[in-house]
Amino acid sequence: MGDRTDYSSLGPGFETKDSKKKNSVPIPVLLFVLVSLLLAGISMRLFPKSLSEYRIFIKARERTESGETAAALQELYELQEEHPQSLPITLKLIELSMDSGYYDLAAQVFNEYLVGKSLTDGQYAKMMRYSRRLDSYYLTYDSIEALMEELAEGVEEGESEELLEARMVRFREELARLHDDEDQDQAYLYYYEAVTARDQEEYYADLQKAYDLDPELFDVRVLLGNAERSRGNFEEAHTLLKAAIEKEALDPGALRGLAVLAMLENNKEEALIKARGAYEADPDSLYVRDTYLIALHVNGDEEGKQAMIQEIETFEGPLEEDTRQLLHGTLTLQEYYTEELE
């Protein structure tokens with residue numbers, strides 16, 4: 001009738017519907033399977049880390065997408081060092097590093113492990129795209145470094161604020177000129193224009209441009225999130241800072257930013273948790289001790305507050321005047337955190 005499946009054509013182990021007799025496995029195939037199993041068993045005994053190494057390789061992207069980017073890349077790089085000839089590891093490490101904004105790591109792997117390896121046309125095309133991106137990144141790095149060295153020449157101790165401001169204006173003018181060179185990394189240039197901005201509006205505009213071109217560059221996502229909060233745009237700030245946490249769960253800048261938002265929204269306990277997390281991740285990161293101090297103050301932890309004041313004065317010097325005003329109640333959280341330039 002034409003509606004019966006011929007299972008005998010599916011290979012060893014299957015049988016026809018009208019027969020109970022199994023097909024026999026050819027002796028050569030059986031020997032091959034037995035030898036393969038034997039070799040696999042020997043391999044497991046001699047290389048007990050093979051499964052864990054494979055797991056590092058296969059889970060790397062998943063981990064970068066779930067807040068473990070730095071750890072995943074570190075372990076994958078260590079795996080690359082153990083297996084320098086492994087092209088799959090090299091390609092994955094470069095791809096994940098580029099996708100996550102770890103450009104220095106990608107460049108290192110390019111130089112140390114990709115050179116001399118044979119690639120397919122598709123692999124070659126992708127690696128060349130990455131290579132051009134890195135060429136632009138390092139061209140701009142060198143340009144900015146040269147500008148800094150030039151502007152630093154002749155700087156004297158105690159130089160007036162007017163002269164220092166003039167140097168900064170010149171630095172920004174030179175950065176602006178570099179935009180005319182299409183080979184320069186435009187996001188990189190906007191980032192440095194932001195961190196040398198003369199006012200809050202200029203700072204915000206340059207950060208936004210850098211983020212639009214490359215959201216993975218340095219800490220631009222966190223800086224823009226804090227800038228949105230300073231402008232009173234809490235929803236946008238939450239979105240950016242949570243995206244930073246999704247990339248790196250222990251990002252001290254993002255945790256600190258979320259702690260500030262929680263305080264402004266009167267979520268005191270959450271603020272303390274986030275501030276403590278930022279402190280534990282990296283106490284020396286910008287404003288982390290200051291924010292932890294304020295979270296302790298808001299939560300009424302007087303003992304912890306005094307201990308943090310002492311630590312700040314030991315490692316960073318006297319408290320800023322506006323911080324003292326906040327602790328003394330003459331400055332509100334809103335005034336402190338929505339008018340600062342970060």
Side-chain angles (χ1 to χ4, degrees), residues 70 94 97-98 100-112 115 128-228 230-231 240 244 251-253 282 284-288 290 315-317 320 340-342:
I94 291 173
S97 298
M98 293 297 295
S100 303
Y102 283 73
Y103 303 130
D104 292 330
L105 176 59
Q108 183 176 346
V109 177
F110 253 101
N111 294 332
E112 292 183 2
V115 175
M128 286 304 97
R129 287 198 300 273
Y130 289 151
S131 179
R132 288 190 292 273
R133 174 72 180 85
L134 290 172
D135 285 345
S136 177
Y137 174 85
Y138 281 107
L139 174 65
T140 306
Y141 173 91
D142 291 339
S143 298
I144 290 175
E145 187 175 63
L147 275 177
M148 287 181 170
E149 290 177 356
E150 180 183 339
L151 292 175
E153 291 180 1
V155 173
E156 299 178 0
E157 187 176 350
E159 191 170 70
S160 69
E161 289 187 11
E162 290 78 9
L163 286 175
L164 291 174
E165 178 62 24
R167 290 178 185 274
M168 192 60 65
V169 169
R170 184 183 168 200
F171 179 73
R172 285 181 55 81
E173 289 174 347
E174 294 300 322
L175 287 179
R177 290 192 185 95
L178 287 173
H179 282 295
D180 295 332
D181 182 355
E182 295 181 355
D183 292 332
Q184 297 283 345
D185 186 328
Q186 302 297 310
Y188 203 145
L189 293 174
Y190 281 124
Y191 181 92
Y192 267 85
E193 286 178 278
V195 298
T196 58
R198 292 168 295 185
D199 57 56
Q200 193 170 17
E201 287 302 315
E202 202 171 64
Y203 173 78
Y204 176 79
D206 288 333
L207 273 183
Q208 187 67 64
K209 291 174 184 175
Y211 176 79
D212 289 342
L213 289 169
D214 185 0
E216 305 302 332
L217 183 67
F218 308 132
D219 58 345
V220 66
R221 186 182 276 112
V222 172
L223 294 183
L224 185 58
N226 289 334
E228 292 285 14
S230 294
R231 295 164 66 86
L240 288 161
D251 183 326
D282 183 5
D284 295 319
S285 189
L286 191 63
Y287 298 128
V288 162
D290 177 87
F315 290 100
E316 300 176 8
E320 297 289 339
E340 63 180 348
L341 177 63
E342 295 188 79

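Only heavy atoms go into these numbers, but all of them, side chains included; no hydrogens, no water, no symmetry mates. These numbers were taken from a predicted model, which means no experiment stands behind them.
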Undergrad: Report the distance from atom CG of Asp206 to atom CG of Leu223, rounding to the nearest 0.5 Å.
TA: 12.0 Å
Undergrad: Quick one: closest heavy-atom pair of Ser285 and Gly253, and the distance?
TA: OG-N, 4.5 Å
Undergrad: Could you check whether Arg170 pairs with Glu173 (Lys NZ or Arg NE/NH1/NH2 to Asp/Glu carboxylate O, under 4.0 Å)?
TA: no
Undergrad: Taking all non-hydrogen atoms of both residues, which atom of Pro252 and which atom of Asp282 are closest, and how far apart?
TA: CG-CB, 3.9 Å
Undergrad: How close do Ala244 and Val222 get, heavy atom to heavy atom, and via which atoms?
TA: CB-CG2, 3.8 Å
Undergrad: If I compare all heavy atoms of Leu175 with all of Leu147, which pair ends up nearest, and what's the gap?
TA: CD2-CD1, 4.1 Å
Undergrad: Does the pair Asp214/Arg133 count as a salt bridge with the N-to-O cut at 4.0 Å?
TA: yes
Undergrad: Report yes if the side chains of Tyr190 and Gln208 come closer than 4.5 Å at any heavy-atom pair, otherwise no.
TA: no
Undergrad: Taking side chain as C-beta onward, heavy atoms only, is Thr140 less than 4.5 Å from Leu178?
TA: no
Undergrad: Cut-off 3.5 Å, side chains only: do Gln184 and His179 have a donor facing an acceptor?
TA: no
Undergrad: Distance alone, cut at 3.5 Å: any donor-acceptor contact between the side chains of Tyr204 and Glu228?
TA: yes
Undergrad: Show the nearest heavy-atom pair for residues Gln200 and Ser230, with the distance to one decimal.
TA: NE2-CB, 3.5 Å
Undergrad: Does Glu320 have more than 12 heavy atoms from other residues, nucleotides or ligands lying within 6.0 Å of its CD?
TA: no
Undergrad: From Leu134 CG over to Asp185 CG, what is the distance, rounded to the nearest 0.5 angstrom?
TA: 10.0 Å
Undergrad: Can you tell me how far the CG atom of Asp183 sits from the CG atom of Leu139, to the nearest 0.5 Å?
TA: 6.5 Å
Undergrad: Check this for me, if you would: do Glu202 and Arg172 make a salt bridge, where the nitrogen-to-carboxylate-oxygen distance has to be below 4.0 angstrom?
TA: yes
Undergrad: Would you call Tyr137 and Leu217 a side-chain contact if the rule is heavy atoms closer than 4.5 Å?
TA: yes
Undergrad: Could I get the full list of side-chain hydrogen bond (donor to acceptor under 3.5 Å, both in side chains) partners for Asp135, not counting sequence neighbours?
TA: none
Undergrad: Between Tyr192 and Tyr188, does the ring centre distance come in under 6.0 Å?
TA: yes
Undergrad: Please check if any side-chain donor atom of Gln108 sits under 3.5 Å from a side-chain acceptor atom of Asp104, or the reverse.
TA: no
Undergrad: So, taking the atom named CZ in Arg167 and the one named CD in Glu150, what distance separates them when rounded to the nearest 0.5 Å?
TA: 10.0 Å
Undergrad: For Arg132, does its backbone N or O pair with a side-chain atom of Ser136 as donor and acceptor, under 3.5 Å?
TA: no
Undergrad: For Glu161, look at atom CD and say whether over 12 heavy atoms of other residues, nucleotides or ligands are found less than 6.0 Å away.
TA: no
Undergrad: CG of Asp181 to OG of Ser143: how many Å apart, nearest 0.5 Å?
TA: 7.5 Å
Undergrad: Could you check whether Glu201 pairs with Arg231 (Lys NZ or Arg NE/NH1/NH2 to Asp/Glu carboxylate O, under 4.0 Å)?
TA: yes
Undergrad: Using 0.5 Å steps for rounding, measure from the CE atom of Met168 to the CD atom of Glu165.
TA: 7.5 Å
Undergrad: For Ala210 and Tyr191, work out which heavy atoms get closest and say how close.
TA: CB-N, 3.8 Å
